[in-house]
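Not measured: the values here are computed from a predicted model. For the numbers below, each heavy atom of this structure counts, side chains included, while hydrogens, waters and symmetry mates do not. Chain identifiers are assigned alphabetically (A, B, ...) following the order of the sequence lines, protein sequences preceding nucleic acid strands; residue numbering begins at 1 within each chain.
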Amino acid sequence: METTAAIDINQHLKKAISNAFKEVFHHELSGEEVALQPTRKEFEGSHTFVVFPYLKITRKPPEASGELLGTHIVDNTDIVQSFNVVKGFLNLELTDKLWIDIFNQMAGQENYGLIEATQDELMVEYSSPNTNKPLHLGHLRNNFLGYAVSKILEAQGNKVHKVQIINDRGIHICKSMVAWLKYGQGETPESSGTKGDKLVGDYYVKFDREYKLQIEELIGAGHEKEWAEKNAQILLEAQDMLRKWEQKEPEVYNLWEKMNGWVYSGFEASYNTMGVTFDKLYYESNTFLLGKDEILSGLEKGIFFKKEDGSVWVDLTEDGLDQKILLRSDGTSVYMTQDIGTAILRFRDFPNIKSQIYTVGNEQEYHFRVLFLILDKLGYTWAKNCYHLSYGMVDLPSGKMKSREGTVVDADDLMQQMVDTAAERTRELGKIDGFTDEQASDLYNIIGLGALKYFILKVDPRKRMLFNPEESIDFQGNTAPFIQYTYARIAAILRKAKQLSIADQPYKITTLHSAEKEVVMLLNEFPDRIKLAAKEYAPYIIAQFAYDLAKEYNRFYAEVSIFNEENKNALYFRIAFSAVVARTIKTAMGLLGIEVPERM
RNA sequence: GGUUCCAUAGCUCAACUGGAUAGAGCAACUGCCUUCUAAGCAGUAGGUUCGGGGUUCGAGUCCCUGUGGAAUCACCA
């Protein structure tokens, strides 16, 4: 109903089927009850009606029922050209005229597939890194996913606020700070030429190494392992630093600001390469005290309860979960407390948002179930609209990435490697004649990052995915470069058409080549695919669509000549047709945060 | 132990939410560049959808059960 397609085929067909039921079988069947599905490739037709569920109504065998319905539909509508029945499947073949009309409609819409009307205002959170470590492959999945989902929701007419919360405080950053003070000798990103986030991350690693040494020494001196882990000198120093930070001791606070500043400029560079942006940043250092008041007032209202030691809990056993702590016995907050506070803060900052979408790994599924339940219990009606966009880990062939074991794939390194590979491949193929250095470098970025983004986004986010750094990501087949290449080919056609002054010419045609029809059928699905992708928060649906479209167009490209076509109408149509395909590919890839090149 | 998620071709992933003969790509093999870009197109081969039951016209999809894997259940974040 919100689709931008002016001709709603489904609606027409459902009505036709429901009419057929009425007149052939004397049975009222509302259009809504009729389910249509796309016809499988190996059969003639585009829309299929499954008659099995209706045999009790028709009181005839499936084939006969299908025949009767099909005959009635063909006789009584002007959009269905013919039909065939295979077992209980009624396949409907629409007229070329209808497909041409549909194509003309979408060709006239500059933003085909996108919905202009503002629906809801939403917030999407993604990235949200810690400031003690550089970004890695897992963050890439998070960022690409969050950004793509934001784009897709915008395409559905929502106003989206992209935010992240930066975990800028806590023991982890203090560890880096301690190590830097001890071993840094005043090193700065400028002095050593190290990217800020990498530099801070290096000191985090240095801390960990020293910490382990101290533990071993303590064990060697006869202490229990557990005691050693809690009493290693360097850890005590970090904890002391955290206390000083909380008291805002100027020396510590300044150092904290300085080192975080390094990290932020490093992150900014990474986000820039990734091509993701944010509308508002939240910092944990500003929000970590929030939520406590909410808990206390919830306690007064009897939503929460206090244990003997003074700690505050929520009982979720009725919801199938456990009890969960909200305030420690000393009255301080836990992670959950902060998240409650931050969620409420955001709804105050953006009073019109309907829901928040949290792009966070699936290891926090339990956390978010609890969070949404608590917010609901506190009486926030928006809580039930909130959604945890959960995604699986990215595994390496060796198993899970572990920063302490050095088995992380660094985000910057990986992106650079992809761009380098793209450059190498492009040069091998001799594709950059006449490019300036800048154009060439842009192209490598578009291809390399496109390949990486597509590789990650084409997978259902819920599933774990495997990344093998040994095998480079493909540039052929179901990949971004394949789709980008299709776009670039069309761009070449359109340039030539312009040169020959035969672009944007009016045409009048009555039949379509089968390859053209297949493509138009796909194009027609675009609005529905976006709608589904938005509903499911699933960019992979868009990725699949872009691939299908490119694949189908390439078939047309191989089978049908454009500039050798002597019939002017067919020639002009094919140029317009190619332009719409290119435009749609660009839009679809844009929803994934992937650019397309005019030449490659 | 409780809860949740996952298991599909040698590998990486699909299967429009219960529909037809389970599809793509990579890797392997065969063809196609003097015509709009071969990062392409056409084709061959590759499957007991983890095992076992059940529900029904019809199951990779839903239910039960077993096996294998993952996450989570912290006064950690």
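Only the C1' atoms considered, B:U65 is 25 Å distant from B:A22, to the nearest whole Å. Rounded to a whole angstrom, the distance from the C1' atom of B:U8 to that of B:C50 is 10 Å. To the nearest whole angstrom, the two P atoms, one in B:U4 and one in B:G66, are 14 Å apart. Using atom P as the reference point in both B:U12 and B:C33, the two lie 36 Å apart (nearest Å). When the P atom is compared between B:A15 and B:U30, the two are found 33 Å apart, to the nearest whole Å. The separation of B:U44 from B:G23, taken at their P atoms, amounts to 13 Å, rounded to a whole angstrom. Going from the C1' atom of B:A38 to that of B:C32 covers 9 Å, rounded to whole Å. Across B:G31 and B:A9, the matching C1' atoms stand 24 Å from one another, rounded to whole Å.
With hydrogens and angles ignored, no donor-acceptor pair under 3.5 angstrom links the side chain of A:Asp339 to the base of B:A77. The base of B:A20 is paired with the side chain of A:Thr48 by a donor and an acceptor separated by under 3.5 Å.
The pair A:Arg243-A:Glu246 does not meet the salt-bridge criterion, since no charged nitrogen lies less than 4.0 angstrom from a carboxylate oxygen. A salt bridge links A:Glu229 to A:Lys225: one of the charged nitrogens lies within less than 4.0 Å of a carboxylate oxygen. Of the charged side-chain nitrogens involved, at least one lies within less than 4.0 Å of a carboxylate oxygen, so that A:Arg462 and A:Asp460 count as a salt-bridged pair.
Closest to the A:Val50 side chain, of the nucleotides B:G19, B:A74, B:U37, is B:G19. For A:Arg328, the side-chain atoms get nearest to B:C76 when compared with the rest of B:C76, B:A14, B:A39. When distances run from any side-chain atom of A:Asp460 to the nucleotides B:G19, B:A74, B:A14, the shortest one goes to B:A14. Closest approach to the A:Ala492 side chain among B:A7, B:A71, B:U37 is made by B:U37 (side chain taken as heavy atoms from C-beta onward). Side-chain proximity of A:Arg425 to the nucleotides B:A39, B:A42, B:C13 is greatest for B:A39.
Rounded to an integer number of Å, the gap from CG of A:Leu452 to P of B:A39 is 22 Å. In this structure, A:Arg169 places its CZ atom 7 Å from P of B:A77, rounding to the nearest Å. Spacing between atom NZ of A:Lys87 and atom P of B:C57 amounts to 17 Å, rounded to whole angstrom units. A:Asn10 has its CG atom 16 Å from the P atom of B:C16, to the nearest Å. The distance from atom NE2 of A:His172 to atom P of B:C76 is 14 Å, rounded to the nearest whole Å. Regarding A:Lys56, its NZ atom lies at a distance of 6 Å from the P atom of B:C57, rounded to whole Å. Atom CZ of A:Arg462 is separated from atom P of B:C5 by 10 Å (rounded to the nearest Å). Rounded to an integer number of Å, the gap from A:Leu522 CG to B:C16 C1' is 12 Å.
The side-chain ring of A:Phe89 is not stacked on the base of B:G19, judged by centre separation under 5.5 angstrom and plane angle under 30 degrees. Taking a centre distance below 5.5 Å and an interplanar angle below 30 degrees as the stacking criterion, A:Tyr557 does not stack against the six-membered base ring of B:G40.
Of the N and O atoms on the side chains of A:Asn132 and A:Ser176, not one donor lies less than 3.5 Å from an acceptor on the other residue.
The ring pair (Phe, Tyr, Trp, His ring centres under 6.0 Å) test with A:Phe49 singles out one residue from A:Tyr54, A:Phe83, A:Phe89, and that residue is A:Tyr54.
A perpendicular orientation is assigned to the rings of A:Phe455 and A:Phe467, their planes being inclined by more than 60° (bins at 30° and 60°).
Among the heavy atoms of the strands lying under 4.0 Å from A:Ile447 is at least one base atom, whether or not backbone atoms are also near. Counting non-hydrogen atoms under 4.0 angstrom, A:Glu284 reaches the backbone sugars and phosphates but no base. When heavy atoms are screened at a 4.0 angstrom cut-off, A:Glu552 is found touching no nucleic acid atom at all. Using a 4.0 Å heavy-atom distance criterion, A:Asn468 is classed as making no nucleic acid contact.
Applying the 90° criterion around 0 to the glycosidic angle, B:U17 comes out syn.
A:Tyr366 has no side-chain polar atom (N or O) that falls below the 4.0 Å cut-off from OP1 or OP2 of B:U72.
Base pairing in RNA chain B yields stems of at least 3 consecutive Watson-Crick or G-U pairs, both distances under 3.5 Å, namely B:1-7 with B:67-73, B:10-13 with B:23-26, B:28-32 with B:40-44, B:50-54 with B:62-66.
The residue among A:Gln544 and A:Leu321 whose nearest nucleotide of RNA chain B lies closer to the 5′ end is A:Leu321.
A 4.5 Å side-chain heavy-atom check between A:Phe556 and A:Ile562 finds at least one atom pair inside the cut-off.
Distance check: A:Asn524 CG to A:Lys517 NZ gives 13.5 Å after rounding to the nearest 0.5 Å. Note that CG of A:Leu327 and NZ of A:Lys306 are 8.5 Å apart. Values are rounded to the nearest 0.5 Å.
For A:Tyr507 and A:Tyr572, the ring centers sit 6.0 Å or farther from each other. For A:Phe288 and A:Trp245, the ring centers sit closer than 6.0 Å to each other.
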How would nucleotides 24-34 of chain B be written as a contact map, 5' to 3', with B for base contact, S for sugar-phosphate-only contact and - for no contact, using protein heavy atoms under 4.0 Å? SSS--------
I'd like a table of donor-acceptor pairs (distance under 3.5 Å, sequence neighbours excluded) in which one partner is a side-chain atom from residues 417-432 of chain A, with atom names and distances.
unit_1	atom_1	unit_2	atom_2	d
A:Asp420	OD1	A:Gln416	NE2	3.0
A:Thr421	OG1	A:Gln417	O	2.7
A:Thr426	OG1	A:Ala422	O	2.6

